[in-house]
Amino acid sequence: MMDALLTWYDQHSRDLPWRRNPDPYRVWVSEIMLQQTRVEIVSPYYQRWLELFPDLPTLARASLEEVLKAWEGLGYYSRARNLHRAAQVVMDRYDGELPSDPRALQRLPGIGRYTAGAIASIAYGLDVPTLDGNIRRVLARLFNVVEPVRSSQGERLLWELAASILPAGQAGAHNQALMELGATVCTARNPGCGRCPLAAACPARLLGVQEQRPVSQARRALPHYTVTAAVIHRDGLVMITQRPVEGLLGGLWEFPGGKQRPGEDLVDCLKREIYEELGVDIQVQDVLGVYRHAYTHFRVTLHAFHCTLANGDSPRAIQVNDLKWVEADELGNFPMGKIDRQIAKTLQDSI
DNA sequence: TTCCGGGTAT
DNA sequence: ATACCCGGAA
């Protein structure tokens with residue numbers, strides 16, 4: 001049955017940038033980018049990344065700022081920080097050679113069980129299984145797994161299944177074939193069972209429950225926050241601040257501000273936040289824009305305002321990592337998350 | 001407009 | 001168990 005899968009993959013594998021010249025560094029970069037992110041989004045980022053950081057030593061020598069800038073827009077920025085840090089570890093501890101042993105790989109920052117299995121099998125030809133969202137879905141259907149796949153029991157079962165169907169000597173192609181099948185045929189919605197090489201052997205399909213596999217838990221409702229941000233102008237420059245390196249949007253630049261408290265109006269909220277973070281009083285002027293965005297576990301509506309300093313005091317980096325006064329034209333040089341990039345664009349377009 | 005998908009670290 | 005982002009489908 002798995003022969004049918006490999007034959008199918010031979011004929012249907014997409015020509016993706018990281019499949020052309022798959023050295024371990026490239027496989028690694030592609031796998032980190034592909035965590036939580038679709039192929040179509042990753043492709044252009046991957047190609048730019050390889051121009052900027054063509055090999056592991058180049059990445060290790062780069063600054064965190066350059067790395068975050070290259071990652072801007074991809075989300076989950078700890079992936080970029082960990083990739084950068086791991087490259088430095090590989091230089092120090094492994095003489096610049098990415099290890100092939102899955103356990104050694106998994107000790108590197110940002111590499112978990114999935115990525116370790118993917119690199120070991122794809123880049124080094126080791127006979128090890130791996131399990132990502134695509135493979136999880138394919139196997140849940142192919143073995144009609146009724147356990148919720150994210151439960152510890154479900155996870156254990158799926159890893160066992162992944163190991164049990166591994167063809168000796170072809171784990172790399174096999175793992176990629178399962179992922180490709182999940183991405184292009186055995187999709188979460190409207191699966192293409194009619195063109196699936198495994199359809200005849202698929203119990204979920206035979207039972208007509210393919211759309212109900214994998215079984216997943218319901219999401220909790222996301223809280224919604226109203227937040228404010230200040231574009232503080234002085235002498236033709238605007239101020240940006242850098243977020244702490246850990247946590248949400250870690251190390252990225254933004255327009256300072258924060259969450260509105262119950263009973264507080266937007267202007268008071270912004271004045272308070274700026275005083276707390278930067279130790280200065282501001283005057284809040286016109287609205288620059290209103291932006292909506294969803295993060296992993298909350299949504300925000302952000303109100304951005306043009307602002308000026310209320311007196312001669314200079315802002316100090318109290319609750320922020322760093323602050324800078326920059327020309328609107330230079331804003332593109334600083335890594336930012338989605339919302340702040342939109343604010344910066346609004347600002348640049350208005351000048 | 002809401003909903004959904006997707007690995008690692010702690 | 002929970003934090004972490006964004007794009008695309010419904």
Side-chain angles (χ1 to χ4, degrees), chain A residues 27-45 68 70-86 89 102-103 105-119 129-141 148-152 154-155 158-159 162 175 178-180 182-184 186-192 211-225 227 243-252 254 290-302 335-342:
Chain A
V27 171
W28 177 32
V29 170
S30 70
E31 291 302 340
I32 300 295
M33 286 188 172
L34 288 163
Q35 291 171 6
Q36 316 291 78
T37 315
R38 293 179 166 77
V39 161
E40 315 82 68
I41 309 293
V42 165
S43 285
Y45 279 90
L68 287 174
W71 201 271
E72 180 180 309
L74 267 185
Y76 289 103
Y77 297 91
S78 65
R79 292 182 294 166
R81 299 195 303 272
N82 285 335
L83 187 53
H84 184 224
R85 212 147 48 85
V89 172
R103 281 172 310 180
L105 285 166
Q106 228 180 304
R107 269 182 246 121
L108 294 169
I111 300 185
R113 197 172 175 189
Y114 159 72
T115 307
I119 294 173
T130 193
L131 186 68
D132 74 340
N134 283 315
I135 299 181
R136 195 174 274 121
R137 186 172 56 254
V138 171
L139 296 185
R141 289 172 178 164
V149 289
R150 306 309 309 220
S151 69
S152 50
E155 282 288 296
L158 286 163
W159 275 100
N175 288 336
L178 284 174
M179 292 191 263
E180 191 79 351
T184 63
C186 194
T187 48
R189 279 171 295 207
N190 309 316
E211 304 254 21
Q212 280 79 58
R213 304 287 178 272
V215 176
S216 57
Q217 295 109 309
R219 272 193 193 207
R220 289 211 315 269
L222 300 183
H224 177 270
Y225 303 121
V227 304
R243 298 178 62 91
V245 225
E246 299 300 327
L248 185 74
L249 304 170
L252 299 193
E254 67 178 1
V290 180
Y291 308 84
R292 274 162 243 286
H293 195 68
Y295 295 91
T296 310
H297 51 292
F298 61 92
R299 304 170 185 288
V300 295
T301 300
L302 180 149
M336 292 181 171
K338 265 294 154 185
I339 288 198
D340 288 275
R341 180 54 66 213
Q342 284 180 260

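Both backbone and side-chain heavy atoms feed into the values below; hydrogens, waters and symmetry mates do not.
- In this structure, CZ on Arg136(A) lies 10.5 Å from OH on Tyr114(A), to the nearest 0.5 angstrom.
- Backbone-only engagement by Gly337(A) is indicated by non-hydrogen atom pairs under 4.0 Å involving sugar-phosphate atoms exclusively.
- Atoms CG (Leu83(A)) and P (dT8(B)) sit 13 Å apart, rounded to a whole Å.
- Looking at Arg150(A) and Glu155(A), their side chains come closer than 4.5 Å, going by heavy atoms from C-beta outward.
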> Under the side chain to side chain contact (heavy atoms under 4.5 Å, CB included) criterion, do Gln106(A) and Thr115(A) qualify, and how do the steps go?
Replying inline: CA-CA 8 Å; Gln106(A) 228 180 304; Thr115(A) 307; over 6 Å; no
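- As a whole-Å value, the separation of Leu105(A) CG from dT8(B) C1' is 15 Å.
- Residue contacts for Thr37(A): at a heavy-atom cut-off of 4.0 Å it reaches no nucleic acid atom on any strand shown.
- Contact annotation for Tyr295(A): base contact, defined as any heavy-atom pair under 4.0 Å involving a base atom.
- From Tyr225(A), atom OH reaches atom CG of Leu302(A) across 15.0 Å, with rounding to the nearest 0.5 Å.
- Atoms NE2 (His297(A)) and P (dG7(B)) sit 20 Å apart, rounded to a whole Å.
- Within the 4.5 Å cutoff, no side-chain heavy atoms of Asp340(A) are placed close to those of Leu252(A).
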>> Applying side chain to side chain contact (heavy atoms under 4.5 Å, CB included) to Arg299(A) and Arg292(A), what does each step give before you reach the verdict?
In response: CA-CA 8 Å; Arg299(A) 304 170 185 288; Arg292(A) 274 162 243 286; over 6 Å; no
>> Set out, in order, the CA-CA distance, both residues' side-chain angles and the distance that settles side chain to side chain contact (heavy atoms under 4.5 Å, CB included) for Tyr45(A) and Met33(A), then state yes or no.
In response: CA-CA 8 Å; Tyr45(A) 279 90; Met33(A) 286 188 172; 4.2 Å; yes
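- Atom CD of Glu155(A) is separated from atom C1' of dG6(B) by 12 Å (rounded to the nearest Å).
- Atom P of nucleotide dA9(B) and atom CZ of Arg107(A) are separated by 13 Å, given to the nearest angstrom.
- At a threshold of 4.0 angstrom between heavy atoms, the contacts of Ile32(A) with the nucleic acid are absent.
- As rounded to whole Å, 13 Å separates atom C1' of dT10(B) from atom CZ of Arg81(A).
- Atom CZ of residue Arg141(A) and atom CD of residue Gln212(A) lie 9.5 Å apart, to the nearest 0.5 angstrom.
- When DNA chain C is scanned 5' to 3' for any atom under 4.0 Å from a heavy atom of chain A, the first and last hits are dT2(C) to dA10(C).
- Looking at heavy-atom distances under 4.0 Å, Gln35(A) makes contact with sugar-phosphate atoms alone, never a base.
- Picking from dG6(B), dG7(B), dA9(B) the nucleotide with the shortest atom distance to the side chain of Asn82(A) gives dA9(B).
- Atom CG of Leu105(A) is separated from atom CD of Glu31(A) by 11.5 Å, given to the nearest 0.5 angstrom.
- Sequence order on DNA chain B of the closest nucleotides to Arg85(A) and Leu34(A) puts Leu34(A) first from the 5' end.
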>> Before you tell me yes or no, could you show the steps for Tyr295(A) and His293(A) under ring-ring contact (aromatic ring centres under 6.0 Å, His included), namely the whole-Å CA-CA distance, both residues' side-chain angles and the distance that decides it to 0.1 Å?
In response: CA-CA 7 Å; Tyr295(A) 295 91; His293(A) 195 68; 4.8 Å; yes
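- Each of Tyr45(A) and Phe298(A) was matched to the nucleotide of DNA chain C holding its nearest heavy atom; the match closer to the 5' end belongs to Phe298(A).
- One atom, CZ of Arg113(A), and another, P of dT8(B), lie 11 Å apart when rounded to the nearest Å.
- Put simply, CH2 on Trp28(A) is 14 Å from C1' on dT8(B), counting in whole angstrom units.
- In this structure, Arg341(A) reaches neither bases nor backbone, as no heavy-atom distance under 4.0 Å exists between it and the strands shown.
- Contact annotation: the side chain of Trp71(A) approaches that of Leu83(A) to within less than 4.5 Å [non-hydrogen atoms, C-beta and beyond].
- Taking every heavy atom of residues 217-225 of chain A and every atom of DNA chain B, pairs under 4.0 Å involve Arg219(A), by number.
- Within 4.0 Å (heavy atoms only), Arg38(A) reaches at least one base atom of the nucleic acid.
- With dC3(B), dG5(B), dT8(B) as the candidates, the nucleotide lying closest to the side chain of Arg299(A) is dC3(B).
- Across all strands shown, Leu108(A) has heavy atoms under 4.0 Å from sugar-phosphate atoms exclusively, and none from any base.
- The side chain of Arg292(A) places no N or O atom within less than 4.0 Å of a non-bridging phosphate oxygen (OP1 or OP2) of dT2(B).
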